[in-house]
Amino acid sequence: MSRPQADWTADERQLVDWLADMNEDDALPLAKRMLLEEKRDPMHVLDLCRAAMDIVGKRFEEGEYFLPELVLAGEMLDTIGAIAKPLIKQGEGGEAPKLGRVLIGTVHGDLHDIGKNIVSFMLDINGFEVKDIGVDVPVQKFIDEIRAFKPDVVGLSGFLTLAFDSMKETLGAFDAAAMRKDFKVMIGGGQIDEAVRAYTGADAFGVNAVEAVALCRKWMGVAA
Amino acid sequence: MSGSRTPPPALPEAQARELHDQRLQRILDCAALKQPDRMPVAFYATFWLAKYGGISCKELMYDYEKHREVSERAVLEFEPDAIGPLVIMSGMGRVLEAIGFKQLQWPGHGVGEHQPFQYLDREYMYADEYEDFIFDPTGFYLQKYLPRVAEAFEGFDQLPIFPGLHYFRLVNGIRPFARPEVRKSFERIVAAAEEAERFFEHHLAFNSRMAALGYPLVNGGNAVSPYDFIADYFRGATGMMKDLFRKKDQLLELLDKAAVFLTRQTVAAGKATGNPIVMIPIHWAPDAFMSPKQFETFWWPPFRKMMMGMIDAGLIPMPLWEADCTRRLETIKDVPPGKCIYWFERTDLVKANEVLGDVVALRGNLSPSMLTTGKPEDVDAAVKHLVDQVWNKGGKLILDGAFGIPDETPVANVRAMFDAARRYAG
């Protein structure tokens, strides 16, 4: 059970602030000390990280932070997670229930992944369970992964103009497999706009990670 | 097949030369903020030429003659005011293969025969190598960077450290050149250079022929901004973004230095081609990629320094500002008037003209999604919009696609672009 913010110690608040303020040089040693020397509850340290990531996500939505901050935040989170997770005892705690499942990948023919990775990160820190199946994903792999993962939302990513046809083909295959009713499809990438959404038949498109999160929240019936 | 129209018959030489000069003057007038007699339209395409010619991307990439034939046919059909270096960008297969280039996957070599090439975003320089690169750029290139980016250079990691070699130490210091790996590198580089020579001759011959037919080349050389140079080709996207926090001082020092050597290289190349316009594809300036403060700290100052060096040398920088750069407009306005062409991809040209119309010429920017998925009447309407809202409001606009013609564009839509330009703007 996570502790309410009112009960956080001064250095716990400090960790959240340093992480949210991109102060990696101070935040990482403090997190390591808490986990390895002071043996604090690793679940609680991860809660603090999540609180910091909430702030990072909000600053991104408000236009104060941009891609570099998300990349550094993701890396700080990974570093602390790698230390904390082995310290969690079996059966202890458990993560908060997820808002929904999102399967995401870059369509076939396209090798770009930066946008997809940022969207995955933002969905993750906003409480979604994300499965990223990589780049240049063949149509059949999408179908197999969807059958196994049973997502609520499928995200198709693509940077090149060739992705328009790959997306259309992938969505056509979802229809042919009679699985389209089981999930929503959002598309995104450098050249994606309403013309491409209409061309591919996707449910929606987003121009950035904030819009991707908003779409998933809307479809899962979660208040923004 | 594309069903291309029969090109008009070749013009007499004197008439073609006159048309060439008129067309080039329209572009130069725009750059100088003078009013040309009509709105010029540029033709820039890479793998779209494969679609137009009914051949594969791989054929375009490897078959110099087919590439030339298709490119020439397209130019004669559309009669643009200026052309890009059409046979360079999508025709390097043989040279890339000869040098064993590792930063790209191209048709038939990592991607399908009908797909365009794609750059591999990786770390080609590690975070702890800034000091090495700054201290000795040439040494870093020879022993570290070149072996990482092309197989032909792999033996160079055994080359001696040159600075410090002297007297007998210099004489003995050349022994690594006798090693089999180093010899093999030199042999492969010479073979690759010979192919590069053939390729470049082909490029020059194509440009000369186009000029003789009346079509000027809009840009002779290409360049890169200092930030994009480090981000794209050395540190990789995520590496660079982390460096903004972790390596701030070293990054600023390297950017400052890169601005100097990139300017020198660009000016030398520009003078060699005799063509003043230099295209500079811009990748990392978009609004979404960094904060205004980061942009004004890291991205803009070294690029502005570079553009000023180019302008001082008589060149005309033509950055292609990719994605949406609306929030950068006030910053990038800080250049002398009448010296640059700003080509925008997704930035609204109406807004760009309001902010920059008295400072730079504009180029672009028919939407790639509209060009590829829309109908000729959509293209016609989009051209009319730009004519009404930019050209007729005094903007010195060179009409083009957002980044030239997207690979999948139906030929009818390209025709619609050229036809609409003549219909609405002379």
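Residue numbers begin at 1 in each chain, while the letters A, B, ... track the order of the sequences. All values below come from the heavy atoms of this structure, side chains included, with hydrogens, waters and symmetry mates left out.
Expressed to the nearest 0.5 Å, how far CE of B:Met241 lies from CD1 of A:Ile114 amounts to 5.5 Å. Between A:Leu67 atom CG and B:Gln294 atom CD the span is 9.5 Å, to the nearest 0.5 Å. Residue A:Arg197 holds its CZ atom at 11.5 Å from OG1 of B:Thr373, rounded to the nearest 0.5 Å. From B:Ser291, atom OG reaches atom CD of A:Glu64 across 9.5 Å, with rounding to the nearest 0.5 Å.
One N or O on the side chain of B:Gln118 and one on the backbone of A:Gly109 form a donor-acceptor pair closer than 3.5 Å.
B:Asp243 does not touch chain A: none of its heavy atoms, backbone or side chain, sits under 4.5 Å away. Proximity to chain B (any heavy atom under 4.5 Å) is shown, for A:Glu194, by neither the backbone nor the side chain. Contacts between A:Leu111 and chain B at a heavy-atom distance below 4.5 Å involve backbone atoms as well as side-chain atoms. Contacts of A:Ile192 with chain B are made by backbone atoms alone, with heavy-atom separations under 4.5 Å and no side-chain atom involved. Contact annotation for B:Phe295: neither backbone nor side-chain heavy atoms come within less than 4.5 Å of a heavy atom of chain A. Proximity to chain A (any heavy atom under 4.5 Å) is shown, for B:Leu371, by neither the backbone nor the side chain. Contact of B:Ala323 with chain A is not made at all, since no heavy-atom distance falls under 4.5 Å. At a 4.5 Å heavy-atom cutoff, the contact between B:Thr372 and chain A is made by side-chain atoms alone. Residue B:Trp284 touches chain A through its side chain alone, counting heavy-atom pairs closer than 4.5 Å. Heavy atoms closer than 4.5 Å to chain B are found in both the backbone and the side chain of A:Asp110. For B:Thr409, no part lies under 4.5 angstrom from a heavy atom of chain A.
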For the pair A:Glu24 and B:Lys242, evaluate salt bridge (charged side-chain N to carboxylate O under 4.0 Å, His left out) and give the outcome as yes or no after the intermediate values. CA-CA 11 Å; A:Glu24 185 184 29; B:Lys242 288 182 278 188; over 6 Å; no
Before you tell me yes or no, could you show the steps for B:Phe403 and A:Thr161 under side chain to side chain contact (heavy atoms under 4.5 Å, CB included), namely the whole-Å CA-CA distance, both residues' side-chain angles and the distance that decides it to 0.1 Å? CA-CA 11 Å; B:Phe403 44 78; A:Thr161 49; 4.0 Å; yes
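Side-chain contact between A:Glu75 and B:Phe245 is absent, with no heavy atoms from C-beta onward closer than 4.5 Å. Between A:Leu162 and B:Phe47 there is no side-chain heavy-atom pair separated by less than 4.5 Å.
Across B:Phe289 and A:Phe66, no two heavy atoms sit closer than the pair C-CB, 4.3 Å.
Of the listed residues A:Val196, A:Val207, A:Ile118, A:Asp193, the one with more heavy-atom pairs under 4.5 angstrom with chain B than any other is A:Asp193. Highest contact tally toward chain A, considering only B:Pro406, B:Gly374, B:Pro368, is held by B:Pro368 [criterion: heavy-atom pairs under 4.5 Å]. Chosen from A:Asp113, A:Asn117, A:Val71, the residue pairing most often with chain B at heavy-atom distances under 4.5 Å is A:Val71.
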